[in-house]
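Before any comments, here is the structure.
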Amino acid sequence: MNHRRAEINRQTKETSIQLTLDLDGSGIVQAKTGVGFLDHMLDHLGKHSLSDITVTASGDLNVDDHHTTEDVAICLGQALTQALGDKAGICRYGWASVPMDETLADVSLDLSGRPAVVFNARFNGGKIGTFDTQLIEEFIRRLAAVAGMNLHVNVPYGSNDHHIAEAIFKAMAQALRIAKAIDPQRKGQIPSTKGTL
């Protein structure tokens, strides 16, 4: 089987991003976005989904982290779409429940081609270090919209904001690992009664 890979280059007045994604990798991540906490979350996303991610970004961090975080999510969504191709043979659905100390995150996703997000997670503060906690939801919504993913995030409890964010990304990674996997029983068929995704 050929590796499912994609390479994205995005240039705007606000950011410059180069990203590669290998869905059939081993979880190797090299993230240099200039936003330390985002790099940390991308590391979890790649490691626990067994996807190789390389991303280099430069952005208007003198303004804030918003544009860089959003545009990395856009690039990752584009790469995911490109790497999955027609989605023949994939499991399509994935879900995971991940504990992180006092926090639990439940994530379910469908690589359906139809974007939808339910985000039920509440942070206790406005920042994790210097990172705006609002950007966690922003990243997830942008990723799902561009990748055409139905993504449900539920955090029923948790008190430490770092743990909440980390549990979300680890659960999302585990769910993606299941959904992108090739199901040998499908024999290369598109996992939809419509015949297309």
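The first residue of the sequence shown is numbered 1, and numbering continues consecutively from there.
Between the side chain of Lys87 and the backbone N or O of Leu111 there is at least one donor-acceptor pair closer than 3.5 Å. For Asn154 (side chain) and Asn120 (main-chain N/O), no donor-acceptor pair under 3.5 Å exists by modelled atom type.
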Under 3.5 Å, which donor-acceptor pairs do the side chains of residues 187-197 form with other protein atoms, sequence neighbours left out?
unit_1 : atom_1 : unit_2 : atom_2 : d
Ser192 : OG     : Lys194 : N      : 3.0

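The list of ring-ring contact (aromatic ring centres under 6.0 Å, His included) pairs with a residue in residues 120-159, not counting sequence neighbours, reads Phe37-Phe131, Phe139-Phe169. Applying the salt bridge (charged side-chain N to carboxylate O under 4.0 Å, His left out) test to pairs two or more places apart or on separate chains, those with a residue in residues 91-118 are Arg92-Asp110. Residue pairs meeting the ring-ring contact (aromatic ring centres under 6.0 Å, His included) criterion with at least one partner in residues 76-106, sequence neighbours excluded, do not occur; the list is empty. A salt bridge (charged side-chain N to carboxylate O under 4.0 Å, His left out) check over residues 68-77, counting only residues at least two apart or in different chains, returns the pairs Arg10-Asp71, Glu70-Arg142.
With sequence neighbours left out, the side-chain contact (heavy atoms from CB on, under 4.5 Å) criterion links Arg122 to no other residue. By the side-chain hydrogen bond (donor to acceptor under 3.5 Å, both in side chains) test, Asp60 is found to be paired with His67, residues two or more places apart in sequence or in another chain being considered. Remark: Glu137 engages Arg141 in a side-chain hydrogen bond (donor to acceptor under 3.5 Å, both in side chains) (not counting sequence neighbours). Every residue meeting the side-chain contact (heavy atoms from CB on, under 4.5 Å) condition with Gln11, not counting sequence neighbours, appears here in chain and number order: Ser16, Gln18. In this structure Ser49 satisfies the side-chain hydrogen bond (donor to acceptor under 3.5 Å, both in side chains) test together with Ser51, sequence neighbours excluded. Thr33 pairs by the side-chain hydrogen bond (donor to acceptor under 3.5 Å, both in side chains) definition with Asp39, not counting sequence neighbours. With sequence neighbours excluded, no residue forms a ring-ring contact (aromatic ring centres under 6.0 Å, His included) with His66.
Within a 6.0 Å sphere centred on NZ of Lys127, other residues, nucleotides and ligands contribute more than 12 heavy atoms. The number of heavy-atom neighbours closer than 6.0 Å to CD of Gln134, taken from other residues, nucleotides and ligands shown, is 12 or below.
The closest side-chain heavy-atom distance from Ile164 to Asn124 is below 4.5 Å.
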